[in-house]
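Shown next, in structure tokens, is the structure this report addresses.
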Amino acid sequence: MLELTDVSAGYGETAVLADVSLWVPPRSVVALLGANGAGKTTLLRVASGLLKPSAGRMSLDGTDVTGKAPHVLANRGVCHVPEGRGIFPTLTVRDNLIIQAGDGNADDAVERAVSAFPILGEKLSQLAGSLSGGQQQMLSLSRAYVTDPSYVLLDEVSMGLAPVVVDEIFESLATLAAQGRALLLVEQYVTRALDLADYVYLLARGRIEFAGEPGELDAERLMARYMGGT
Ligand code: ATP
């Protein structure tokens, strides 16, 4: 279980999260929804150790990991697929995969990524920046396949992609879930996220406003209120 308890966090004087408690059980899919600026990215940054909480606790499979560095959490099975892809555009696809693998075996990393996203196998020696947007997102998502994580934090991984590519991305999320990874999913495609989710949290102005099963949420009202009606 990835567990945040009464977490507050922000940037300098700016408080963003206030008393947020959230659970991601092993092998579950948890959707984190909320309007722009609600604090979703900030929460994922806390959960991966990129941002230290100003108050509250975080634990991982029963061990307190509050304030631990990103590499410590990564070694304990937390994988963050960041907003904006987080790949190195001037390096080849193969080198990006090797970097994602960290201390892991490079050939193994490439093999896992290619079996998840076969198109990447045809592009291994191309610069990552020359890939299409969808392929770049697949490369970014590859880190969840190459590092064997227990918990995957996904920040708007379908953002700005053509509908057919969004379908592929969501299929790969379902595959990750079927492999037994727990997913904490920040998504603009609310309905699709709810289809996949076992549990949903609604964040509004840095506070958890709703926590429950997707069936307890009225999706239309949710969209009208939090997503500007789109
Ligand atoms: P979005 O969907 O727009 O990414 P979000 O729910 O992910 O929204 P956050 O990115 O977590 O929201 O931002 C929450 C608040 O924190 C916003 O008011 C934002 O302006 C502020 N913020 C985010 N990053 C920083 C930063 N590095 N320095 C200062 N303020 C920041």
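Note that ligands are numbered from 1 as they come in the structure, with each ligand's atoms numbered from 1 the same way. Scope of the values below: all heavy atoms of this structure, side chains included, with no hydrogens, waters or symmetry mates. Each residue takes its place number in the sequence, starting with 1.
Looking at ligand 1, you won't find any N or O of Thr14 less than 3.5 Å from one of its N or O atoms.
The single protein non-hydrogen atom nearest to atom 5 (P) of ligand 1 is Lys40 N, 3.5 Å, given as residue, atom name and distance. With hydrogens left out, the protein atom closest to atom 4 (O) of ligand 1 is Glu83 OE2, 3.2 Å, a heavy atom. Looking only at protein heavy atoms, the nearest one to atom 9 (P) of ligand 1 is Thr42 OG1, 3.6 Å. Remark: minimum distance from atom 10 (O) of ligand 1 to any protein heavy atom is reached at Thr41 CB, 3.5 Å. Protein heavy atom in closest approach to atom 22 (N) of ligand 1: Tyr11 CE1, 3.5 Å. In this structure, the protein non-hydrogen atom closest to atom 12 (O) of ligand 1 is Gly39 N, 3.2 Å. Protein heavy atom closest to atom 3 (O) of ligand 1, with residue, atom name and distance, is Gly37 N, 3.4 Å.
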Apply side chain to side chain contact (heavy atoms under 4.5 Å, CB included) to the pair Ile87 and Leu131, showing each step before the final yes or no.
CA-CA 11 Å; Ile87 59 173; Leu131 301 179; 5.7 Å; no
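Residues Asp64 and Ser59 bring no donor and acceptor atom of their side chains to less than 3.5 Å of each other. Looking at Asp198 and Ser28, their side chains never bring a donor and an acceptor atom within 3.5 Å of each other. In summary, the side chains of Gln126 and Thr92 do not present any donor paired with an acceptor at a separation below 3.5 Å, with no hydrogens or angles considered. Under the 3.5 Å distance criterion, with hydrogens and angles disregarded, no donor-acceptor pair is assigned to the side chains of Thr175 and Tyr145.
When non-hydrogen atoms are compared, ligand 1 lies under 4.0 Å from neither the backbone nor the side chain of Arg45. The proximity of Val16 to ligand 1, defined as any non-hydrogen pair under 4.0 Å, is limited to the side chain.
For atom 31 (C) of ligand 1, the nearest protein heavy atom lies under 4.0 Å away. Contact annotation for atom 24 (N) of ligand 1: protein present (non-hydrogen atoms, distance under 4.0 Å).
Taking CG of Asn105 as the start and CD of Glu111 as the end, the distance is 9.0 Å to the nearest 0.5 Å. To the nearest 0.5 Å, atoms CG (Leu91) and CD1 (Ile98) are separated by 10.0 Å.
More than 12 non-hydrogen atoms from other residues, nucleotides or ligands lie less than 6.0 angstrom from CZ of Arg192.
The shortest distance between side-chain heavy atoms of His80 and Pro70 does not fall below 4.5 Å.
A salt bridge between Arg76 and Asp61 is absent, with no side-chain N of the basic residue lying under 4.0 Å from a carboxylate O of the acidic one.
The residue among Val46, Leu17, Leu44, Asn36 with a heavy atom at the shortest distance from atom 2 (O) of ligand 1 is Asn36.
Within the listing of ligand 1, atoms 6 (O) sit less than 4.0 angstrom from a heavy atom of Ala35. With ligand atoms numbered from 1 in the order given, ligand 1 contributes 2 (O) to contacts under 4.0 Å with heavy atoms of Glu156.
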